[in-house]
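For reference, the structure is listed below as structure tokens.
Below, chains carry the letters A, B, ... as their sequence lines are ordered, and counting in each starts from 1. These numbers come from a predicted model, not from an experiment. All heavy atoms count here, side chains included; hydrogens, waters and symmetry mates do not.
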Number of protein chains: 2
Amino acid sequence: MASRTPAPATAVEQVDTSYLESLVGYNARRATLVIMDAFFRQMAVYGLRPVDFSVLSLIAHNPGITSRQLCTSLSIQPPNLVGMINQLQRRELITRRPHPHDGRAMGLHLTATGKKLVKQAEVTAAELEDQATVRLTATERRTLMQLLRKIYIP
Amino acid sequence: MASRTPAPATAVEQVDTSYLESLVGYNARRATLVIMDAFFRQMAVYGLRPVDFSVLSLIAHNPGITSRQLCTSLSIQPPNLVGMINQLQRRELITRRPHPHDGRAMGLHLTATGKKLVKQAEVTAAELEDQATVRLTATERRTLMQLLRKIYIP
DNA sequence: TATTGTTATACTCTATAACTATA
DNA sequence: TATAGTTATAGAGTATAACAATA
């Protein structure tokens, strides 16, 4: 080999991602993106985004919940919820009723149509859960949930 | 009780989130947000966002990597990478050198300053990993990574 | 003809300030 | 004075179309 040849810029054949793959944050993010992507595509069948599903599901399990309570539970800024609620109401999936104790607030409730839609969407969500964890045993799935909770619950 | 009184709208005292908490996607998303939030705040010390750290780290471990390879590895659209690369170059953290085999492409390399910064940032990343998994044993941490990989690796 | 890198641009998501009606 | 809901708006993140240079 000629000794005066300057070190050539090397080309990367195969990208080495092993360092990033050693980080819990990287793996958690990748797994979340895969699950959310499937969730996004399947919920689109019902005209819902993941956040719409979360909102409707919380209303289903908490009839009379207020916008403020939704915002706190889902970490949504109040101005960003207004449009969602309006749209769900225009689609006649939810109704607003006066809050029993607080004249400023409105209690949110599902309509019959809304209840039917949430029921279907939750079946789809269960199927998505099965698909996402198809390579896990039932025990591994429980373990995964426990370990994830240990990370985000203080 | 008067029989003609219409059923009053009920108020929700405590929001029941148990249904959402039963979904793997919800738990993965929550855990990811907690980790990424800490990551975001700590990397800001170096003037980096999480994505900048990923880009610099991939260049560090793959000297000569191209923009296209970065985009593929990190699921970034090429137009959205241009600004990041320009900024990292303006900060003199990276340099662009001609690709040895492909006249269209440029190989990306860290400068001495860039190498120093990545070294520091990776120490911080290791500390963040420890903080995020402080409630997990070493075995549990390994288990978590394996289970997450089973979800996102096909 | 296909691909790398780039510009311009649009769309979504998220965040803040300020207002009203009520507590 | 503080809070629920709302409006307007700004910023960040992400996506597509189209182009020049090279393969």
Side-chain angles (χ1 to χ4, degrees), chain A residues 9 11-13 15 29 32-33 36-37 39-41 43-44 47-55 58-59 62 64-90 94-109, chain B residues 9 11-13 15 29-30 32-33 36-37 39-41 43-44 47-55 59 62 64-90 94-109:
Chain A
V12 173
E13 302 297 332
V15 178
R29 183 142 194 279
T32 301
L33 286 177
M36 294 307 291
D37 185 60
F39 200 66
F40 183 87
R41 282 182 285 106
M43 284 300 149
L48 300 176
R49 298 163 304 162
V51 66
D52 298 313
F53 172 79
S54 301
V55 166
L58 274 184
I59 298 174
N62 298 272
I65 193 173
T66 66
S67 288
R68 175 63 52 163
Q69 288 175 312
L70 280 175
C71 287
T72 302
S73 301
L74 297 173
S75 299
I76 299 172
Q77 300 304 315
N80 299 331
L81 185 66
V82 176
M84 303 183 209
I85 294 296
N86 285 338
Q87 203 176 349
L88 294 174
Q89 192 177 28
R90 271 197 300 274
I94 64 172
T95 56
R96 278 187 257 223
R97 312 223 305 252
H99 190 280
H101 312 318
D102 190 335
R104 298 167 302 181
M106 298 291 282
L108 302 173
H109 301 261
Chain B
V12 174
E13 301 296 333
V15 178
R29 182 141 195 278
R30 287 285 301 266
T32 301
L33 286 176
M36 293 307 291
D37 185 60
F39 201 66
F40 183 88
R41 281 181 285 107
M43 284 301 148
L48 301 176
R49 297 163 305 161
V51 66
D52 298 314
F53 172 80
S54 300
V55 166
I59 298 174
N62 299 271
I65 192 173
T66 66
S67 289
R68 175 64 51 163
Q69 288 174 313
L70 280 175
C71 286
T72 302
S73 301
L74 297 173
S75 298
I76 299 173
Q77 299 305 314
N80 299 331
L81 185 67
V82 176
M84 302 182 208
I85 295 295
N86 285 338
Q87 203 176 350
L88 294 174
Q89 193 177 26
R90 270 197 300 274
I94 65 172
T95 56
R96 277 187 258 223
R97 312 223 304 253
H99 191 280
H101 312 318
D102 191 334
R104 298 168 301 182
M106 297 292 282
L108 302 172
H109 300 259

Filtered N/O pairs between nucleotides 10-13 of chain C and protein, under 3.5 Å:
unit_1	atom_1	unit_2	atom_2	d
C:dC13	OP2	A:R49	NH1	3.0

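- The interatomic distance linking A:L33 (CG) with D:dT14 (P) rounds to 9 Å, in whole Å.
- Here the side chain of A:N62 pairs no donor or acceptor atom with the backbone of A:I59 at under 3.5 angstrom.
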Please tabulate, for side-chain N and O atoms in residues 98-105 of chain A, each donor-acceptor pair with protein atoms closer than 3.5 Å (sequence neighbours left out).
unit_1	atom_1	unit_2	atom_2	d
A:H99	ND1	A:H101	N	3.0
A:H99	ND1	A:D102	N	3.1
A:D102	OD1	A:R104	N	2.9
A:D102	OD1	A:R104	NE	3.1
A:D102	OD2	A:R104	NH2	3.0

### Query
Should A:L58 and A:L108 be marked as a side chain to side chain contact (heavy atoms under 4.5 Å, CB included) after you check the CA-CA gap, both sets of side-chain angles, and the distance that decides it?
CA-CA 10 Å; A:L58 274 184; A:L108 302 173; over 6 Å; no
### Task
Could you walk me through whether A:R97 and A:H109 pass side chain to side chain contact (heavy atoms under 4.5 Å, CB included), step by step?
CA-CA 8 Å; A:R97 312 223 305 252; A:H109 301 261; 3.6 Å; yes
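- For A:S73 against B:V15, the heavy-atom pair with the smallest separation is OG-CG1, 3.5 Å.
- Partners of B:R68 by salt bridge (Lys or Arg N to Asp or Glu O under 4.0 Å), not counting sequence neighbours: none found.
- When the C1' atom of D:dG13 is taken as reference, atom CD of B:Q87 falls 14 Å away, rounded to whole Å.
- Between B:G64 and A:V12, the closest heavy-atom pair is C-CG2, 3.7 Å.
- Contacts with DNA chain D (heavy atom under 4.0 Å) in residues 72-86 of chain A: A:P78, A:P79, A:V82, listed by number.
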Quick one: which protein N/O atoms are closer than 3.5 Å to N/O atoms of nucleotides 21-23 of chain D? Pair and distance per line, please.
unit_1	atom_1	unit_2	atom_2	d
D:dA23	OP1	B:G103	N	2.8

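- If you take CZ of A:R68 and C1' of C:dA21, they are 14 Å apart, rounded to a whole angstrom.
- Between the CE atom of A:M106 and the C1' atom of D:dT3 there is a distance of 16 Å, rounded to whole Å.
- Nucleotide D:dG13 holds its C1' atom 13 Å from the CG atom of B:D52, rounded to whole Å.
- Contact between A:I94 and A:I85 at its shortest, heavy atoms only, is CD1-O, 3.7 Å.
- The shortest distance between the side-chain N/O atoms of A:R96 and the OP1/OP2 oxygens of D:dT6 is below 4.0 Å.
- Applying the salt bridge (Lys or Arg N to Asp or Glu O under 4.0 Å) test to A:R90 and every residue at least two apart in sequence or in another chain returns nothing.
- At distances below 3.5 Å, at least one donor-acceptor pair connects side-chain atoms of B:Q69 with backbone N or O atoms of B:T66.
- Taking atom CD of residue B:Q69 and atom P of nucleotide C:dT3, one finds them 15 Å apart after rounding to whole Å.
- Looking at A:D37 and A:L33, their side chains never come closer than 4.5 Å, going by heavy atoms from C-beta outward.
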